[in-house]
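All remarks here apply to the structure that follows.
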Amino acid sequence: MNMVESITRPPLRPVERPRFIWAISDALTLAERNLRQIPRIPDELIFSTIQPVIFVLLFRYVFGGAITGTGTSYVNYLMAGIFAQTVIFGSTSTGIGLANDLQRGLIDRFRSLPMAKSAVLTGRTLSDLVRNAFVIIVMWTVGLLVGFQPQGPVLNWFAAAGLLLLTSFAFSWISATIGMAVSTVEAAQSAGFIWLFPLTFASSAFVPTQTMPDWLRAFAEHQPVSLIVNAVRGLLLNKPDFTTIWQSLAWCVGILIVFIPLAVRAYNNRTAR
Amino acid sequence: MKSEPAILAEGLQKRYGQTQALAGLDLRAEAGTVLGVLGPNGAGKTTAVRILTTLLKPDAGHARVAGLDVVRQANQLRARIGLAGQYAAVDENLTGVENLEMVARLYHLRGRVARQRAQELLARFDLLDAARRVVKTYSGGMRRRLDLAASLIMAPPVLFLDEPTTGLDPRSRLSMWDIISGLVSDGTTVLLTTQYLEEADQLANQIAVVDHGRVIASGTADDLKRQVGGERFEITVARGGDLTAAIDVLRPYSQGEMQIEAERRHILVPVAQGAQQLAAVVRDLDAARIPLDDLSLRRPTLDDVFLALTGSTATVEPDNQQQRGAGRPLARSNT
Ligand SMILES: Nc1ncnc2c1ncn2[C@@H]1O[C@H](COP(=O)(O)OP(=O)(O)OP(=O)(O)O)[C@@H](O)[C@H]1O
Ligand SMILES: [Mg+2]
């Protein structure tokens with residue numbers, strides 16, 4: 001076969017399908033690409049897994065003895081907080097990944113192709129969802145090793161995992177918005193993280209809120225991370241609390257309703273330059 | 001049917017804050033030809049390419065590529081063009097073959113066709129051996145070839161290459177020239193930007209010289225060289241050598257007016273095909289026993305073009321243009 005001919009005159013015909021099918025397919029193509037990268041930059045995944053493991057060990061063995069009023073063993077209390085914090089921190093990789101693609105010119109490449117425009121964002125949020133699912137499994141195992149004993153029906157545990165994944169997905173869109181709003185990868189990194197520390201620590205994730213000063217307690221008891229942690233904790237310890245479950249779901253859906261359009265707008269503004 | 005040019009841009013304008021990146025740019029390339037867009041840093045080359053490839057909307061003016069409007073028919077157009085940007089846009093953490101298959105799938109090719117196409121292009125660009133290595137381990141030239149391969153997945157009728165050889169060593173540059181010539185002889189219309197007159201001369205049928213966002217001269221390479229002066233010998237006669245005798249020896253080679261600076265003992269001889277005459281000139285001067293301090297064959301550079309066209313050399317902008325460039329594998333290497 002003449003090579004040169006094959007370069008310019010192959011029978012190349014794109015497959016015709018409805019647009020929304022292609023939107024899904026393109027998102028999956030990009031999600032797959034993002035996931036393929038994970039084992040090739042192992043330090044990133046290792047770091048993002050080791051960090052919560054260190055948190056588990058520190059809280060379990062350093063503070064565990066001193067913290068009372070949890071109504072159960074501290075490790076049982078702690079794990080819901082660890083899960084929530086891990087997926088929320090993990091969702092920052094969405095904005096960092098997007099900022100990286102932008103800096104490396106890959107988003108220009110994608111935009112020059114006749115693919116679905118939405119796929120860059122949906123592909124990235126999907127792959128981070130899968131990644132967070134993996135991290136939840138790792139943390140669950142670590143928890144069991146240090147004495148975590150989930151209680152009640154297994155179905156509840158899956159419900160807890162489902163709520164955590166929804167949380168991860170919602171926070172990914174916040175992260176995407178931040179990643180597209182700031183101008184460098186480094187900024188995406190710090191701006192993505194910094195506000196999550198007060199949000200996850202000033203909550204019921206690691207300690208009961210009763211001992212906090214009143215002003216802090218008012219915040220801590222009503223902010224979404226506490227609600228999510230309480231819902232997950234109830235589901236894992238056989239005390240499902242439907243109020244916090246509904247409130248958490250409402251928060252996640254609310255975040256998605258607000259931040260999907262914001263992320264899309266930030267992406268459009270950013271790439272229009 | 002009247003045949004429309006493959007690329008037609010009229011009055012393109014684009015402003016970034018205080019910078020008027022494009023100030024009414026007009027370009028035209030007939031189907032099957034190569035248009036070379038020649039300009040210094042900051043001239044607006046990349047901005048023009050981004051508009052023509054639908055990545056950026058112009059503030060004013062309009063453009064059609066392959067018969068489609070770049071703004072209103074952007075989506076259809078994307079299926080008919082290929083773009084290899086100024087910096088190779090390949091995924092460092094994927095292998096060569098994964099990169100191409102991903103792009104092919106995003107062009108909505110069937111899986112089997114995508115795989116086959118990736119293999120063809122890897123073979124064509126001499127990347128088969130490296131196909132299963134992650135791109136992080138590729139050299140600059142390999143990345144460029146892979147990037148070009150990605151832009152050729154659909155065998156697009158119109159191809160945009162933004163400084164395709166900047167940062168490549170001379171050998172990789174030659175191989176890139178070969179590849180581009182091959183594509184053109186197969187009928188692809190190519191718009192390429194460059195900072196090197198020599199490159200535009202080698203590859204382009206038409207050249208548009210761009211400065212400060214507009215075309216300041218256009219025509220064939222020969223047209224431009226006529227304005228600029230083409231190749232020339234630069235000869236310095238050693239002290240004690242006979243300058244007048246040297247001028248007599250050189251006169252038959254001269255294609256126009258020789259420039260003589262008597263006190264520097266410097267002679268500029270405009271020539272055609274200088275390389276082929278170099279040996280003869282040396283022989284003749286030697287036979288006439290004229291001692292030389294220096295003899296060189298000079299080709300006009302971008303600076304010479306600018307000198308001739310604007311009376312000033314190409315102003316090289318401070319590289320404030322984009323942080324996006326930072327940390328990319330192909331650092332800009334300007335001569
Ligand atoms: N995204 C941007 N934001 C602000 N200014 C920009 C942006 N992109 C380009 N410019 C400015 O517009 C002008 C033209 O830039 P452009 O990148 O088109 O030049 P170029 O001819 O491609 O230069 P080079 O040879 O350095 O690649 C420059 O002054 C540049 O600083
Ligand atoms: Mg440029």
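Numbers restart at 1 for each chain; the letters A, B, ... are given by sequence-line order, proteins then strands.
No option in L148(B), L191(B), L203(B) other than L148(B) meets the side-chain contact (heavy atoms from CB on, under 4.5 Å) test with L161(B).
There is no contact between Q116(B) and chain A, counting heavy-atom distances below 4.5 Å. Only the side chain of I41(A) comes within contact range of chain B, with at least one heavy atom under 4.5 Å from a heavy atom of that chain. At a 4.5 Å heavy-atom cutoff, the contact between T271(A) and chain B is made by backbone atoms alone. Both the backbone and the side chain of S151(B) come within less than 4.5 Å of a heavy atom in chain A.
A donor-acceptor contact under 3.5 angstrom links the side chains of N100(A) and R104(A), judged on distance only. Defined by atom type and a distance below 3.5 Å, a donor-acceptor pair is missing between the side-chain atoms of T193(B) and E163(B).
Side-chain contact between R110(B) and V113(B) is present, with at least one heavy-atom pair separated by less than 4.5 Å. No side-chain heavy atom of R111(A) sits less than 4.5 Å from a side-chain heavy atom of R78(B). V37(B) has its side chain within reach of L27(B): a pair of non-hydrogen atoms, C-beta onward, lies under 4.5 Å apart. For the pair L121(B)/R117(B), a side-chain contact is recorded, criterion being any heavy-atom separation below 4.5 Å from C-beta on.
Contacts of residues 28-36 of chain A with chain B at a heavy-atom distance below 4.5 Å involve T29(A), L30(A), E32(A), R33(A), R36(A), listed in sequence order. For a heavy-atom cut-off of 4.5 Å, chain A lies close to N75(B) in residues 66-75 of chain B.
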Please walk me through it: do V158(B) and F160(B) pass side chain to side chain contact (heavy atoms under 4.5 Å, CB included)? CA-CA 7 Å; V158(B) 185; F160(B) 293 86; 3.7 Å; yes
Please step through side chain to side chain contact (heavy atoms under 4.5 Å, CB included) for the pair R50(B) and L83(B), ending with a clear verdict. CA-CA 9 Å; R50(B) 289 173 62 81; L83(B) 163 65; over 6 Å; no
The test is ring-ring contact (aromatic ring centres under 6.0 Å, His included); show your working for F197(A) and F89(A) and say whether it passes. CA-CA 9 Å; F197(A) 281 96; F89(A) 277 21; 5.2 Å; yes
For side chain to side chain contact (heavy atoms under 4.5 Å, CB included), just list the numbers for I255(A) and I174(A), CA-CA rounded to whole Å, side-chain angles, deciding distance to a tenth of an Å, and then say yes or no. CA-CA 8 Å; I255(A) 289 172; I174(A) 301 181; 3.7 Å; yes
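With chain A as partner, the option from L94(B), L77(B), D91(B) having the largest number of non-hydrogen pairs under 4.5 angstrom is D91(B). With chain A as partner, the option from K57(B), M102(B), E98(B) having the largest number of non-hydrogen pairs under 4.5 angstrom is E98(B).
Summarising the geometry of G85(B) relative to D147(B), their closest heavy-atom pair is N-OD2, 3.7 Å, with the distance given to 0.1 Å.
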